[in-house]
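For reference, the structure discussed in these notes is given below.
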Amino acid sequence: MAINEEELAENGGLSLKDIFNFIKKSALWMLVCIVAAVILTTAIYLPVRYIFPKTETTTVRLELLYKGKDLGLNPDGTIFDENSFISIDIVTNAVAMSKLPLNDEDSISAIQERLHVEPVSSEEYVKLREAADKGDEKAIEALRSYVFNAVKYDVKLVNDGSLPLTKTQSIIFMSNLVRAYQEDFKNTYSSATTFSEEFFTKNSVNFDYLDYYDAYITELDRIQNYLGTLDDTDPTFMSSNKYRFSDVLGLKSILSKSCVNFMAYVLESQVSLDATKARSNISHNLTQIGFTLDSLNERLTKLSEQILTIQKESTITTYVDGVQTKIEVATFPPKFYELQGERTALDASIAESTKQQSILADRLAKLTNPSDDPANPKKQEADKMLTEIRDDAKEIVSEANLVILEYLNKNYVQDKIRVLLDANYVRTRETIGPAIVYLVAAIIGAMAGMIVTQSLITKKRKAAALAAAEKKNTEKTNDPA
């Protein structure tokens, strides 16, 4: 800095006062150089920045609210697929609704390839992961059996320049993508979750009494699950026939009891539609469940072995009473928790199959010598009970379908799909951020200002020293002594 060697010797080095004085002297040149550096950086950075490719991302965020979504299911109980948001049919409809000039098959496929779906982690899951990463044993234990099924999703159109879409077109398209998905959702599940009256009236040559019972109970349970979901959503809704969801559920409950009484009567009275098929059907079903259980147990064994091979990701070092201690933390990779979820589902399937196996074995033990004689009064009574069940089921299905369809036409989509974030457009480029660039420019400018100041001070001191030396020589020359 601008301090000569004599001053350094006297002061024993630089003091803060020396530094501040130097910065004060350099302020003007620092300001000039910073401004010059910023101007030069702008002249270079802006043109260069636009050479780099840009990425335009348009995002919508959706939340699915129907019952069962947190279990990874669709409204009809099938497995949910997040790619359903961007299926080719949905994209095609969105393109048509947006009136984009990209309506040929290749262009629509190109748009679909630039669409991505990202699940949004729940707050509970995020907190558990954070706690587990810090070594919280309760959180670690909870994550071992935790199954995360997202209910919120970000749907993104990522355009790297390959799609000739403007900002406005991208926003309109993504808004219409949501509309297309909502319409498809309504058409798919509002129809899929109405029920067929014919199911309870048609005959099957392969069915005996107990086969009809199993089929009817399964269908009635499906009706109950769906109506229960709607009742939870809007318990006050009433159809034009003055039926609420709860009213139909009450009728269903009565019919289910009638079915159970019918099954008990068949077993107690030893009757059947076909004496040969009655027991053979049960035996066949038992065999099939046995195969299913063998397959499930085999998958469970392999899955358990796979889980055991997954290693912990890390350990941490902490301090207990000032003593450094190494603690093993059961932090596992995401695959571990995914497999744990699969194992939980397998355990549930095995338990249900085992239950059904026990029920069938009990029936086979009770139905020892069934009669299919049409003249048998007990068989006639069983036929009468089956006919009454079918008639009641037809009425219940009719009322259920009416209240379901009227409700769906009113507000189905709004209750099931919520738009949390309308189409949001962001454009980015793969360059160093301007904040970093200009900060570096400012630092370089400040350093340049200091260097210039130091150079000027040094030059000034050398000139002063030279003038002093010449003056001293002149005085010696003129000295008569």
Side-chain angles (χ1 to χ4, degrees), residues 49-50 52-66 69-70 72-75 79-103 106-127 129-130 148-189 334 412-436:
R49 184 170 182 262
Y50 282 95
F52 288 88
K54 65 180 179 180
T55 300
E56 299 169 340
T57 304
T58 309
T59 305
V60 294
R61 176 169 291 185
L62 302 175
E63 181 179 18
L64 302 181
L65 303 171
Y66 59 83
K69 180 62 195 71
D70 56 340
L73 303 176
N74 288 313
I79 301 300
F80 175 78
D81 180 6
E82 62 186 37
N83 288 319
S84 60
F85 291 117
I86 56 173
S87 70
I88 194 66
D89 290 337
I90 300 295
V91 176
T92 301
N93 291 338
V95 168
M97 293 163 66
S98 306
K99 298 181 179 179
L100 297 179
L102 307 172
N103 52 12
D106 291 340
S107 297
I108 291 174
S109 296
I111 293 175
Q112 187 187 32
E113 288 175 0
R114 305 311 302 164
L115 286 166
H116 305 280
V117 180
E118 298 178 2
V120 179
S121 296
S122 66
E123 184 177 348
E124 177 189 35
Y125 182 70
V126 170
K127 287 182 177 179
R129 288 305 303 263
E130 290 176 349
F148 171 66
N149 292 297
V151 296
K152 298 178 183 178
Y153 294 87
D154 285 340
V155 184
K156 298 183 177 183
L157 174 64
V158 183
N159 186 3
D160 57 2
S162 59
L163 300 176
L165 298 177
T166 65
K167 173 182 177 180
T168 301
Q169 287 175 324
S170 297
I171 292 174
I172 291 174
F173 169 74
M174 290 301 288
S175 298
N176 284 327
L177 187 75
V178 174
R179 288 178 54 200
Y181 178 74
Q182 290 173 328
E183 188 64 25
D184 180 77
F185 187 92
K186 175 183 174 182
N187 292 338
T188 300
Y189 297 114
Y412 181 74
V413 170
Q414 290 81 353
D415 288 340
K416 305 302 177 188
I417 306 171
R418 179 188 299 164
V419 181
L420 298 180
L421 175 67
D422 290 323
N424 180 49
Y425 175 92
V426 176
R427 182 170 60 187
T428 57
R429 292 183 183 273
E430 298 179 2
T431 61
I432 300 174
I436 296 176

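Throughout, residue positions are numbered sequentially from 1 according to the sequence presented. The structure presented is a predicted model; accordingly, all values stated were derived computationally and were not measured.
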side-chain hydrogen bond (donor to acceptor under 3.5 Å, both in side chains) involving S107 - partner list, sequence neighbours excluded: D104
For the pair Y125 and F148, name the ring-plane relationship: parallel under 30°, tilted 30 to 60°, perpendicular over 60°. parallel
Within the distance-only criterion (no hydrogens, no angle test), does the side chain of Y66 pair as donor or acceptor with the backbone N or O of L73 below 3.5 angstrom? yes
How would you list, by chain and number, every residue that makes a side-chain contact (heavy atoms from CB on, under 4.5 Å) with V419, sequence neighbours excluded? L62, V178, Q182, D422
Just by distance, do the side chain of K69 and the backbone of A150 share a donor-acceptor pair under 3.5 Å? yes
For residues 85-101, pull every pair meeting side-chain hydrogen bond (donor to acceptor under 3.5 Å, both in side chains), keeping only residues two or more places apart or in separate chains. S98-N176
Just jot down the salt bridge (Lys or Arg N to Asp or Glu O under 4.0 Å) partners of E82, sequence neighbours excluded, or say none. none
Passing option when Y425 is tested against T59, N159, I171 for side chain to side chain contact (heavy atoms under 4.5 Å, CB included): I171
Mind running side-chain contact (heavy atoms from CB on, under 4.5 Å) on L177 and L157 for me, showing each step along the way? CA-CA 10 Å; L177 187 75; L157 174 64; over 6 Å; no
Of I90, V91, T58, the one forming a side chain to side chain contact (heavy atoms under 4.5 Å, CB included) with L115 is V91
Could you pull out all residues at least two apart from K152 that satisfy salt bridge (Lys or Arg N to Asp or Glu O under 4.0 Å)? none
Partners of V158 by side-chain contact (heavy atoms from CB on, under 4.5 Å), sequence neighbours excluded? T55, T57, R114, H116, K156
